[in-house]
Protein chains: 2
Amino acid sequence: MAIDRRVARTRTALYDALVRLIRQRDYDAIRVEDILEEADIGRSTFYAHFTSKDDLLRNSLERLKALLVATRSNEGLTKEAMPPGGNWGVSRTLFEHVFEFTDVQVALAGGRGAAVVHEAVDEVVADFLRETLPPQTADGVPRELALRHAVATFNTILRWWQHGKRDIDAAEADRLFRLLLLDGLPREWRDTFGRLLDGKPDGR
Amino acid sequence: MAIDRRVARTRTALYDALVRLIRQRDYDAIRVEDILEEADIGRSTFYAHFTSKDDLLRNSLERLKALLVATRSNEGLTKEAMPPGGNWGVSRTLFEHVFEFTDVQVALAGGRGAAVVHEAVDEVVADFLRETLPPQTADGVPRELALRHAVATFNTILRWWQHGKRDIDAAEADRLFRLLLLDGLPREWRDTFGRLLDGKPDGR
DNA sequence: ACGATACCGAACACCGTGTTCGGAACGTTC
DNA sequence: GAACGTTCCGAACACGGTGTTCGGTATCGT
């Protein structure tokens, strides 16, 4: 016996409604009632499927993971945004995605409840990398740390990008991402931070 | 006329109570009532000073900033943790702090509400750096981005450190921090990530 | 077409929030 | 040390959101 169409309909209706709402308001400014209204679903039905709003969020994010896997080979991309020749890398593709759909930017925007969404997304992306990266260790930098640093750096770029309404494009964002992740801060900043971290006054 | 002692007492009682509670439970598992009980303060009194739990948190964090400024010259450090000769840098000093008081680690631990605290702390540290760093730009990496990347990297190390109960000491944590921030990922990881980001399969 | 299952929605108990107010306690000032 | 002003207290209250229950209805699978 296949899965009842009714449950499938109900669940996706709820997923979609949540995403739609997250794009509009702050996550914890969203009441369960709002979701019900948006999805046109009965109260009791909701609680028959999920135990809480957070539970719904967690389950919804499993879908994001699928998107990521697809993205690995540029599958989930619209034709317009397809690279001229050959493939882009994962990061570039993601940045293009974000560039295309401003929604994600909004979802990642500030606010109290956004932090929750943000951390949840982090977890999913980290999972993805954990499954993708080969096992190895380099110069005493453990796998898990390297991976989390990559996620953190990506999100830093993303948030900085959309927060300041920067007039740079996805390519530039990707460039900065790779620069920071792979090479660290450029020379001048290296010196500045080096001095600060060493406790030497900065001359002011 | 100086500030009424009663208000001072009330406010610090509330600050301390909040911190004490954050060390025990998840931030939003803490009810206002709990704070009142812990601080032994009346309900109406609380709302005479702060509009909400979040408001209290924000105000409490102003203190953290003061600590940071003090830390810049190793002032707030206990004698045991003082560097053998001369000063440590800001980052090392902070790591030593965290090493000494496991509390902070707990506060920064996982969970739903921790994200809120975490983001708030981020903001404070970013503010601190914003006031401390000289204005400049390097290789197209804007000041604000460099600064946020530093904060993010610091927190990544911290969270990874305490999450996995790593058996490394503060010095090692500081070494990793500087490595990732200033030089980026080491060679092997550079290659691995480079390949992944470029969309080339990893050979599996 | 029929049995099983999912959905509906109104009603309800529950919990935490934030406000109000009169009286008691405390601090400040002279 | 007395008097005045401020702060604190705590019980009571209204409000809003959560999660559950249950009988009736609609939809599904076979």
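Just so you know, these numbers come straight off a predicted model, no measurement behind them. Below, all heavy atoms of this structure are taken into account, side chains as well, without hydrogens, waters or symmetry copies.
When the nucleotides C:dT20, C:dG18, D:dT18 are ranked by their closest atom to the side chain of A:Val32, D:dT18 comes out on top.
Relative ring orientation between B:His149 and A:His149 is described as tilted, the plane-to-plane angle lying within the 30° to 60° band.
A:Asp55 comes within 4.0 angstrom of nothing in the nucleic acid, heavy atoms only. Using a 4.0 Å heavy-atom criterion, one finds that A:Asp40 contacts the sugar-phosphate atoms exclusively. At a threshold of 4.0 angstrom between heavy atoms, the contacts of B:Arg6 include nucleobase atoms, whether or not backbone atoms are also involved. Note on A:Arg31: only backbone sugar-phosphate atoms sit closer than 4.0 angstrom, heavy atoms only; bases stay farther off.
Rounded to whole Å, the distance from CZ on A:Arg11 to P on D:dC28 is 17 Å. Residue B:Asp4 contributes atom CG, which lies 18 Å from atom P of D:dC4 at whole-angstrom precision. The separation between A:Leu14 atom CG and C:dA6 atom P is 15 Å, rounded to whole Å. Taking atom CZ on B:Phe50 and atom P on C:dT17, their separation rounds to 16 Å, with Å as the unit. Atom CD1 of B:Ile41 and atom P of D:dT7 are 14 Å apart (whole Å). Across the protein-nucleic acid pair, A:Leu36 atom CG and D:dT18 atom P stand 9 Å apart, rounded to whole Å. Taking atom CD on B:Glu33 and atom P on D:dG10, their separation rounds to 12 Å, with Å as the unit. As rounded to whole Å, 18 Å separates atom P of C:dC15 from atom CG of B:Asp28.
Look at B:Glu123 and B:Arg148 and you find a salt bridge, because one of the NZ, NE, NH1 or NH2 atoms lies within 4.0 Å of a carboxylate O, short of that distance.
Place A:Thr10 and B:Arg43 on DNA chain C by their nearest nucleotides, and A:Thr10 ends up nearer the 5' end. With the nearest nucleotide of DNA chain C identified for both B:Tyr47 and B:Arg9, B:Tyr47 has the one nearer the 5' end.
Between B:Arg5 and C:dC26 there is no side-chain polar atom (N or O) within less than 4.0 angstrom of OP1 or OP2. OP1 or OP2 of D:dC8 lies within a sub-4.0 Å distance of a side-chain N or O belonging to B:His49. Phosphate contact (OP1/OP2 of C:dC8, side-chain N/O of A:Thr45, threshold under 4.0 Å): present.
Here CH2 of A:Trp161 is found 7.5 Å from CG of A:Asp169. Values are rounded to the nearest 0.5 Å. Note that the CD atom of A:Gln136 and the CH2 atom of B:Trp189 stand 4.5 Å from one another [nearest 0.5 Å].
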A:Tyr27 vs A:Lys53, side chain to side chain contact (heavy atoms under 4.5 Å, CB included): CA-CA, chis, key distance, verdict: CA-CA 10 Å; A:Tyr27 174 72; A:Lys53 196 178 61 170; 3.8 Å; yes
